[in-house]
K.L.:
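Attaching a single structure in structure tokens format; questions to follow.
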Amino acid sequence: MTRVVAVVGPTAAGKSEAGLRIAAALGGEVVNADSMQLYRGMDIGTAKLTLAERRGVPHHLLDVWDVRDTASVAAYQALARAAIDRLDVAVVVGGSGLYVRGALDAFEFPGTDRAVRDRLEAELAEAGPERLHARLAERDPAAAAAILPTNGRRVVRALEVVEITGRPFSAQPGMTTYASVYDTRYVGVAPGLATLDERIDRRVDVMWERGFVDEVRALERQGLRDGVTASRALGYQQVLAHLAGDATEDEARAETKLATRRFARRQLKWFRRDPRIEWYESGEAAVAAVATTYRGAS
């Protein structure tokens, strides 16, 4: 059976480098669990490791979808498990909590009802995500607390599940229980908030230095604005607003920093609920702990 190490935590914590080093130490391969790194061309804004930075360690599930494709956790689950099942040691790395759980846990996804979905999406387009999020907060407070008010796609999905199942989205099988389908060790990387905020601000500045605005401009020509999921990604949404004349470039950069800090705190809240995760303040500490354990077991 595949042995799995999951490396999780907030954005800019150092997960990618930690996961890479753990995979190298264990003779494993990395399986991506960052929802935005699944998109082709979304490289700078997602801090996707370049081929050189991967240092010969195979990475799976990068550059899978076109930016016009709508993300699906159920589709990702199938892809991730197919990749994991082929490996002796899989290091699952990412900060997208639902994707990590979809890949590794006994996690079921309810079906869909096209009529309900179309009605909710029409309301989303007319009224915006905040009004639907307020309704979700009334019907399923736990789900509303876990979903950003601006994430219209996930708000619509949660309301759809509530309508077609008659149960809260947060009460669906696997949402409140933690049971991995693999032999999995979970490690979390989470610097203190002050350090994390500094890392986020620096990452955003580096994104701009590396040509992030040009990346978004190129993806816009490829249909990024039509992508329900990709167009709302952190940074990309803000730069698209700038390119549309709705914000200056400095405003887009500042808003990206602020939105990313808020998102990191939501990621921490999500992952902190999982009792299986061992927490470390740095990627170096996580790597050392995992490598020491496996050397001692060999």
Side-chain angles (χ1 to χ4, degrees), residues 5-22 32-37 42 44-49 53 91-101 129-130 133 137 141-151 154-155 170 176 178 185-210 212 232-239 247 250-290:
V5 178
V7 182
V8 302
T11 187
K15 299 183 302 296
S16 295
E17 177 66 19
L20 175 70
R21 290 175 58 191
I22 289 171
N32 169 53
D34 181 309
S35 62
M36 293 301 114
Q37 290 192 9
M42 293 178 68
I44 297 172
T46 66
K48 189 183 297 176
L49 294 181
E53 289 170 337
V91 183
V92 176
V93 182
S96 301
L98 201 57
Y99 281 64
V100 174
R101 297 209 58 203
E130 286 80 6
H133 191 270
I147 299 173
L148 285 169
T150 55
N151 192 335
R154 286 195 63 198
V155 172
S170 58
T176 56
Y178 297 93
R185 179 174 181 179
Y186 294 82
V187 295
V189 182
L193 289 179
T195 300
L196 184 62
D197 286 347
E198 291 175 2
R199 291 176 65 99
I200 287 170
D201 287 352
R202 178 56 185 155
R203 171 177 286 187
V204 173
D205 288 338
V206 168
M207 285 161 49
W208 252 260
E209 292 166 9
R210 292 181 175 176
F212 181 48
R232 297 180 181 275
L234 287 170
Y236 294 87
Q237 182 177 11
Q238 286 75 21
V239 173
D250 286 343
E251 287 170 342
R253 187 192 297 214
E255 178 57 29
T256 298
K257 291 179 179 179
L258 179 60
T260 305
R261 289 190 220 115
R262 289 172 176 166
F263 178 62
R265 284 156 173 76
R266 287 183 175 271
Q267 289 175 296
L268 278 169
K269 186 175 181 180
W270 171 282
F271 286 118
R272 292 286 190 191
R273 292 197 296 259
D274 191 333
R276 301 168 297 181
I277 300 174
E278 311 162 24
W279 287 99
Y280 300 92
E281 289 192 358
S282 70
E284 291 80 3
V287 172
V290 173

K.L.:
What pairs with Thr256 under side chain to side chain donor-acceptor pair (under 3.5 Å), at least two apart in sequence or on another chain?
P.N.:
none
K.L.:
Just to verify, what does Ala190 make a side-chain contact (heavy atoms from CB on, under 4.5 Å) with, not counting sequence neighbours?
P.N.:
Pro10, Leu268, Arg272, Trp279
K.L.:
With rounding to the nearest 0.5 Å, note down the distance linking CD in Gln238 to CG in Leu258.
P.N.:
9.0 Å
K.L.:
If you round to the nearest 0.5 Å, how far is CG of Leu234 from CE of Met207?
P.N.:
8.5 Å
K.L.:
Just to verify, what does Arg276 make a side chain to side chain donor-acceptor pair (under 3.5 Å) with, not counting sequence neighbours?
P.N.:
Asp105, Tyr186, Asp274
K.L.:
Can you find a pair of side-chain heavy atoms, one from Arg261 and one from Asp201, that are under 4.5 Å apart?
P.N.:
yes
K.L.:
Which atom names give the shortest non-hydrogen contact between Thr46 and Met42, and what distance separates them?
P.N.:
OG1-O, 2.7 Å
K.L.:
Minimum heavy-atom separation for Ile277 to Gly188, with atom names?
P.N.:
CG2-N, 3.4 Å
K.L.:
Restricting to non-hydrogen atoms, name the atom on Ala289 and the atom on Tyr280 that form the minimum distance, rounded to 0.1 Å.
P.N.:
CB-OH, 3.2 Å
K.L.:
Taking all non-hydrogen atoms of both residues, which atom of Leu196 and which atom of Ala264 are closest, and how far apart?
P.N.:
CD2-CB, 3.9 Å
K.L.:
Is it the case that more than 12 heavy atoms not belonging to Glu281 sit under 6.0 Å from its CD atom?
P.N.:
no
K.L.:
By ring pair (Phe, Tyr, Trp, His ring centres under 6.0 Å), which residues pair with Tyr99, not counting sequence neighbours?
P.N.:
Tyr76
K.L.:
So for atom CZ, which belongs to Arg273, do other residues, nucleotides or ligands contribute more than 12 heavy atoms lying within a distance under 6.0 Å?
P.N.:
yes
K.L.:
Could you pull out all residues at least two apart from Glu255 that satisfy salt bridge (charged side-chain N to carboxylate O under 4.0 Å, His left out)?
P.N.:
none
K.L.:
Which heavy atom of Ala286 sits nearest to which heavy atom of Ile22, and what is that distance?
P.N.:
O-CD1, 4.4 Å
K.L.:
Could you tell me which residues satisfy side chain to side chain donor-acceptor pair (under 3.5 Å) with Arg154, sequence neighbours excluded, listed by chain and number?
P.N.:
none
K.L.:
NE2/His133 to CG/Asn151 distance, rounded to the nearest 0.5 angstrom?
P.N.:
9.0 Å
K.L.:
Test of understanding: with salt bridge (charged side-chain N to carboxylate O under 4.0 Å, His left out), list the residues that count as partners of Arg265, not counting sequence neighbours.
P.N.:
Asp197
K.L.:
Step by step, work out the side chain to side chain contact (heavy atoms under 4.5 Å, CB included) result for Glu284 and Arg21.
P.N.:
CA-CA 9 Å; Glu284 291 80 3; Arg21 290 175 58 191; 3.7 Å; yes
K.L.:
Taking salt bridge (charged side-chain N to carboxylate O under 4.0 Å, His left out) as the definition, give me every residue that meets it alongside Asp205, ordered by chain and number, with sequence neighbours left out.
P.N.:
Arg253, Lys257
K.L.:
When you compare the side chain of Trp208 with that of Val239, does any pair of heavy atoms fall below 4.5 Å?
P.N.:
yes
K.L.:
Looking at Ser96, is its backbone amide N or carbonyl O close enough to the side chain of Ser35 to form a donor-acceptor pair, meaning the two atoms are under 3.5 Å apart?
P.N.:
no
K.L.:
With sequence neighbours excluded, tell me which residues meet side-chain contact (heavy atoms from CB on, under 4.5 Å) with Val93.
P.N.:
Val7, Lys15, Val30, Val91
K.L.:
Is Arg210 reaching over with its side chain to a backbone N or O of Gly45, donor-acceptor style, under 3.5 angstrom?
P.N.:
no
K.L.:
Side-chain donor-acceptor pair under 3.5 Å between Arg203 and Thr11, yes or no?
P.N.:
yes
K.L.:
With sequence neighbours left out, what residues match Arg185 under salt bridge (charged side-chain N to carboxylate O under 4.0 Å, His left out)?
P.N.:
Glu278
K.L.:
List the residues meeting ring pair (Phe, Tyr, Trp, His ring centres under 6.0 Å) with Tyr236, not counting sequence neighbours, and say none if there are none.
P.N.:
Phe212
K.L.:
For a quick test of reading the model, state the closest non-hydrogen atom pair linking Ala233 to Met36 and the distance between them.
P.N.:
CB-SD, 3.5 Å
K.L.:
Please identify each residue that fulfils side chain to side chain donor-acceptor pair (under 3.5 Å) with Gln267, with sequence neighbours left out.
P.N.:
none
